[in-house]
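Data block below; observations after.
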Amino acid sequence: MADWQQRHKVVPAVYIVLRQNGKILVAQRANTGYMDGYYSLPSGHLDGGEPATVAACREALEEVAVRIKPEDLQFAHVSHRLAMEGDHERIDFYFTVTKWEGEPKNNEPHKCSEIRWVAPDDLPEPMAPEVAHAVACIENSQSFSEYGF
């Protein structure tokens, strides 16, 4: 096995912070088998060979039915964290956006029980802890964090 094949596994994901009237859009996970019942942001894994900005736009359309142009994304935060399972690491890219086309709606009711606008300093419970951490970092203009190590 080549050296690069023996390296640890790192999974990249994108999170979209839609902002409107001082609030952010959160979604409650359901029927996924992972953190069901917890709130998070619209998010998802990168597909192989896919830039993070393209993935963020794709996930926003898939999950909350809004069309975002990559140039309307603003980099907000990156988090290097240990996965809850402890068997791999994650790199999470957070992008803030205030301009999009369409009205946000729950576009995946089979994976999400509700979406709602909340104040970033008053997140609903239960909130995915790594996402709550990142939102707090974003609100404090902290562009990088490490979590769960």
Side-chain angles (χ1 to χ4, degrees), residues 7-20 23-120 122-149:
R7 292 184 186 151
H8 65 280
K9 181 178 177 184
V10 178
V11 177
V14 291
Y15 290 78
I16 303 94
V17 184
L18 278 80
R19 288 188 179 275
Q20 182 174 280
K23 295 189 174 185
I24 63 173
L25 188 70
V26 297
Q28 188 174 37
R29 300 179 59 84
N31 306 313
T32 67
Y34 179 76
M35 296 194 83
D36 290 336
Y38 281 77
Y39 287 88
S40 188
L41 297 167
S43 60
H45 297 113
L46 276 72
D47 291 339
E50 180 182 40
T53 54
V54 172
C57 295
R58 175 181 53 76
E59 289 292 346
L61 184 61
E62 288 175 5
E63 294 190 8
V64 292
V66 296
R67 189 170 306 280
I68 300 170
K69 295 177 185 172
E71 61 267 24
D72 291 330
L73 293 168
Q74 279 192 317
F75 168 76
H77 186 75
V78 66
S79 176
H80 178 205
R81 66 181 174 93
L82 185 62
M84 282 179 35
E85 302 84 0
D87 62 347
H88 66 282
E89 296 173 25
R90 294 190 172 253
I91 302 290
D92 299 330
F93 299 94
Y94 289 80
F95 296 97
T96 299
V97 64
T98 57
K99 180 180 174 186
W100 59 82
E101 294 177 17
E103 186 64 32
K105 68 175 187 173
N106 182 357
N107 210 33
E108 293 184 324
H110 57 289
K111 292 184 189 178
C112 175
S113 58
E114 75 163 323
I115 64 168
R116 66 170 141 149
W117 295 99
V118 300
D122 189 23
L123 299 174
E125 290 291 333
M127 186 78 182
E130 69 277 6
V131 175
H133 168 80
V135 169
C137 289
I138 292 166
E139 292 305 300
N140 289 315
S141 300
Q142 183 182 344
S143 61
F144 175 77
S145 68
E146 295 172 332
Y147 184 83
F149 288 95

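Computed from a predicted structure; not experimentally measured. Start at 1 with the first residue, then count along the sequence.
Taking each heavy atom of Leu61 and Arg67 in turn, the nearest pair found is CD2-NH1, 3.7 Å. Contact between Pro42 and Leu18 at its shortest, heavy atoms only, is CG-CD1, 4.4 Å. The two residues Val97 and Leu73 come nearest to each other via the heavy atoms CB-CD2, 4.3 Å. For the residue pair Phe93 and Pro12, the shortest heavy atom distance occurs at CE1-CB, 4.4 Å. Scanning both residues, Pro51 and Leu46, for their nearest heavy atoms gives C-CD2, 4.3 Å. Taking every heavy atom of both residues into account, Trp100 and Ile68 meet most closely at CB-CG1, 3.8 Å.
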Requested in this report: Would you please test Met35 and Met84 for side chain to side chain contact (heavy atoms under 4.5 Å, CB included) and show each step?
Outcome: CA-CA 10 Å; Met35 296 194 83; Met84 282 179 35; 3.8 Å; yes

Check the pair Phe144, Val78 against side chain to side chain contact (heavy atoms under 4.5 Å, CB included), reporting the backbone distance first and the verdict last. CA-CA 5 Å; Phe144 175 77; Val78 66; 3.5 Å; yes

Would you check, one step at a time, whether the test salt bridge (charged side-chain N to carboxylate O under 4.0 Å, His left out) holds for Glu130 with Arg90? CA-CA 11 Å; Glu130 69 277 6; Arg90 294 190 172 253; over 6 Å; no

Checklist entry - Are Ile24 and Val118 close enough, and set up right, to give a side chain to side chain contact (heavy atoms under 4.5 Å, CB included), and what steps lead you there? => result CA-CA 5 Å; Ile24 63 173; Val118 300; 4.0 Å; yes

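Tyr39 has its side chain out of reach of Leu123: every pair of non-hydrogen atoms, C-beta onward, lies at least 4.5 Å apart. The closest side-chain heavy-atom distance from Tyr94 to Leu41 is below 4.5 Å. Under the 4.5 Å side-chain criterion, counting only non-hydrogen atoms from C-beta, Pro120 is in contact with Arg19. Side-chain contact between Lys23 and Gln20 is absent, with no heavy atoms from C-beta onward closer than 4.5 Å.
Ser145 and His133 share a donor-acceptor pair across their side chains, judged by distance under 3.5 Å alone.
Considering Val135, Ile138, Thr96 as possible partners of His77, the one that fulfils the side-chain contact (heavy atoms from CB on, under 4.5 Å) test is Ile138.
A donor-acceptor pair under 3.5 Å links the side-chain atoms of Gln28 to the main chain of Gly37, judged by distance alone. Asn106 contributes a side-chain N or O that, together with a main-chain N or O of Cys112, makes up a donor-acceptor pair within less than 3.5 Å. Within the 3.5 Å criterion, the main-chain N or O of His110 finds no donor-acceptor partner in the side chain of Glu108.
Taking the ring centroids of His80 and Phe149, they lie under the 6.0 Å cut-off.
For the atom pair Arg81 CZ and Glu146 CD, the distance stands at 13.5 Å (nearest 0.5 Å). With rounding to the nearest 0.5 angstrom, the CZ atom of Phe95 is 7.0 Å from the CZ atom of Phe75.
Atom CZ of Arg116 has more than 12 neighbouring heavy atoms from other residues, nucleotides or ligands inside a 6.0 Å radius.
Salt bridge absent: Glu63 and Arg29 never bring a charged side-chain N and a carboxylate O closer than 4.0 Å.
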